Amino acid sequence: MQNSELCLIIRSTGQKGEDGHVSVTFGQLFETYVTISNKVVGILLRARKHGLVRFEGEMLWQGKDDDVVITLLE
């Protein structure tokens, strides 16, 4: 699964904010994505490195970080 597919999933499951960016919580994304790939955290970290998404924290953990908002920047 590549960054472009991750962006598509965020776009289809998230909501557009006042700033025009689409956002989804990590919990929502994980539940949607886990059926597709168990590598969601690694893909999110790479996507952030490439400037495609933004979220707080260095790492995301299922359960603990379910309410962390992931914002699509493209």
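Because the structure is predicted, anything quoted here is derived from the model rather than measured.
Under the side chain to side chain donor-acceptor pair (under 3.5 Å) criterion, the residue pairs touching residues 61-72 are S23-T71, with sequence neighbours excluded. Sorted by first and then second residue, the pairs that involve residues 14-25 and meet salt bridge (charged side-chain N to carboxylate O under 4.0 Å, His left out), not counting sequence neighbours, are D19-R54.
Side-chain contact between L72 and H21: absent, with no pair of heavy atoms (C-beta onward) separated by less than 4.5 Å. In this structure, the side chains of L73 and L52 stay at 4.5 Å or more apart for every pair of heavy atoms.
Both I43 and L45 are members of a single hydrophobic cluster when ILVMFWY side chains are connected at heavy-atom separations under 4.5 Å. V24 and V41 end up in the same hydrophobic cluster when Ile, Leu, Val, Met, Phe, Trp and Tyr side chains are linked at under 4.5 Å. Taking hydrophobic clusters as Ile, Leu, Val, Met, Phe, Trp and Tyr residues chained together by side-chain heavy-atom distances below 4.5 Å, I9 shares a cluster with V68.
The nearest pair of heavy atoms linking L60 to I70 is CD1-CD1, 4.2 Å. Pairing each heavy atom of F55 with each of L44, the nearest pair is CE2-O, 3.9 Å.
If you take CG on L6 and CZ on R11, they are separated by 10.0 Å, rounding to the nearest 0.5 Å.
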